[in-house]
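Report on the structure given below.
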Amino acid sequence: MTETGAHTETHDEPAAPRAVPPLREATWEAATTDPDPLAALGASRALVGLLSTWEARLVGEAVAAGATWETIGGTVGVSRQAAWERFHRDVHEFRRRVRTEVDDLRNRHRQEMRDLRESVASEAKKMRRHDR
């Protein structure tokens with residue numbers, strides 16, 4: 001791990017690229033290739049909103065990875081306080097969503113393990129009956 005400027009890089013394994021939502025890709029495509037300048041302009045405005053959501057997601061990832069509000073503010077060109085005011089609700093929502101997904105995954109795993117144990121026990125009973 002090396003410190004470079006305001007963020008930390010890990011060289012153990014490369015990070016997986018983030019999946020770009022299809023709506024964002026389609027909007028970018030329309031903004032950059034539609035021959036009608038008004039349609040491209042409309043797509044560009046829509047893209048601004050989509051990129052704002054993307055930015056909030058990245059801030060959430062940065063906070064989860066240990067970045068400070070000062071570092072985040074410096075990265076987006078605002079003060080620590082301005083960054084916090086702009087993004088803290090989104091970060092809170094991101095954390096809540098991640099926690100919910102983790103809890104759901106954990107519960108699904110527990111249920112699958114219960115189902116597997118029941119299935120194994122049932123098969124074992126069948127085999128014992130068959131052996132008699």
Side-chain angles (χ1 to χ4, degrees):
M1 207 179 314
T2 61
E3 282 285 322
T4 56
H7 75 284
T8 303
E9 294 179 15
T10 305
H11 296 287
D12 297 339
E13 57 188 68
R18 288 175 188 84
V20 176
L23 178 60
R24 195 165 300 127
E25 284 184 3
T27 306
W28 173 258
E29 186 70 22
T32 58
T33 64
D34 197 304
D36 179 352
L38 294 177
L41 180 61
S44 295
R45 291 302 310 157
L47 191 58
V48 168
L50 293 170
L51 288 174
S52 177
T53 302
W54 185 258
E55 184 179 50
R57 174 185 167 187
L58 295 175
V59 169
E61 289 179 20
V63 168
T68 66
W69 287 109
E70 184 173 358
T71 302
I72 292 166
T75 301
V76 298
V78 299
S79 69
R80 171 191 59 78
Q81 183 65 29
W84 183 84
E85 287 174 4
R86 182 172 169 190
F87 296 113
H88 81 278
R89 286 182 194 89
D90 295 324
V91 169
H92 176 73
E93 177 60 24
F94 175 77
R95 284 181 175 165
R96 188 199 60 74
R97 226 178 21 250
V98 167
R99 262 189 242 116
T100 299
E101 289 173 9
V102 167
D103 289 344
D104 290 347
L105 183 61
R106 185 179 297 125
N107 291 335
R108 189 171 56 223
H109 174 72
R110 286 179 183 148
Q111 185 59 49
E112 288 173 357
M113 291 305 295
R114 277 191 289 267
D115 293 347
L116 179 61
R117 280 192 293 272
E118 289 174 10
S119 175
V120 168
S122 175
E123 287 298 316
K125 280 182 183 179
K126 286 179 187 176
M127 292 184 78
R128 282 193 298 266
R129 286 186 201 137
H130 184 279
D131 288 343
R132 293 183 185 167

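These numbers were taken from a predicted model, which means no experiment stands behind them.
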Subject >> Gln111 and Arg108: CA distance, side-chain angles, deciding distance, side-chain hydrogen bond (donor to acceptor under 3.5 Å, both in side chains) verdict >> reply: CA-CA 5 Å; Gln111 185 59 49; Arg108 189 171 56 223; over 6 Å; no
Original post:
Looking only at atom types and distance, does a side-chain atom of Ser52 sit under 3.5 Å from a main-chain N or O of Val48, one as donor and one as acceptor?
Top reply: no
Original post:
Under the side-chain contact (heavy atoms from CB on, under 4.5 Å) criterion, do Met113 and Arg117 qualify, and how do the steps go?
Top reply: CA-CA 6 Å; Met113 291 305 295; Arg117 280 192 293 272; 3.9 Å; yes
Original post:
Ignoring hydrogens and geometry, is there a side-chain-to-backbone donor-acceptor pair from Ser119 to Asp115 under 3.5 Å?
Top reply: no
Subject >> Atom pair CD/CZ of Glu93 and Arg89 - distance to nearest 0.5 Å >> reply: 12.5 Å
Original post:
Among the clusters formed by ILVMFWY side chains lying less than 4.5 Å apart, do Phe87 and Leu50 turn up in the same one?
Top reply: no
Original post:
If you measure from CD on Gln81 to CZ on Arg86, what distance do you get to the nearest 0.5 Å?
Top reply: 14.0 Å
**OP:** Would you name the heavy atoms of Thr27 and Leu47 that are closest together and state the gap between them?
**Re:** CG2-N, 3.7 Å
Subject >> Salt-bridge criterion met for Glu61 and Arg57 (N-O under 4.0 Å) >> reply: yes
Subject >> For the student: nearest non-hydrogen atoms of Val78 and Ala83, plus distance >> reply: CG2-N, 3.7 Å
Original post:
Given the rule that I, L, V, M, F, W and Y join up when any side-chain heavy atoms are under 4.5 Å apart, are Val59 and Trp84 in one cluster?
Top reply: yes
Original post:
Among the clusters formed by ILVMFWY side chains lying less than 4.5 Å apart, do Leu41 and Trp28 turn up in the same one?
Top reply: no
Original post:
Got a donor-acceptor contact below 3.5 angstrom from the Ser122 side chain to the Glu118 backbone?
Top reply: no
Subject >> Rounded distance (nearest 0.5 Å) linking atom CG of Asp104 with atom CZ of Arg97 >> reply: 13.0 Å
Subject >> CZ-CD distance between Arg24 and Glu29, expressed to the nearest 0.5 angstrom >> reply: 15.0 Å
Original post:
Distance from Thr53 atom OG1 to Leu58 atom CG, nearest 0.5 Å?
Top reply: 11.0 Å
Original post:
With side chains defined as the heavy atoms from C-beta onward, is the minimum distance between Arg106 and His109 less than 4.5 Å?
Top reply: no
Subject >> Residues, nucleotides or ligands: over 12 heavy atoms within 6.0 Å of His92 NE2 >> reply: no
Subject >> Trp54 CH2: over 12 foreign heavy atoms closer than 6.0 Å >> reply: yes
Subject >> Heavy-atom closest contact (Ala43 atom, Ala30 atom, distance) >> reply: CB-CB, 3.8 Å
Subject >> Where Asp36 and Leu38 come nearest, the two heavy atoms and their spacing >> reply: OD1-N, 2.9 Å
Original post:
Should Val76 and Trp69 be regarded as members of a common hydrophobic cluster, given that ILVMFWY residues are connected when their side-chain heavy atoms come within less than 4.5 Å of each other, either directly or indirectly?
Top reply: yes
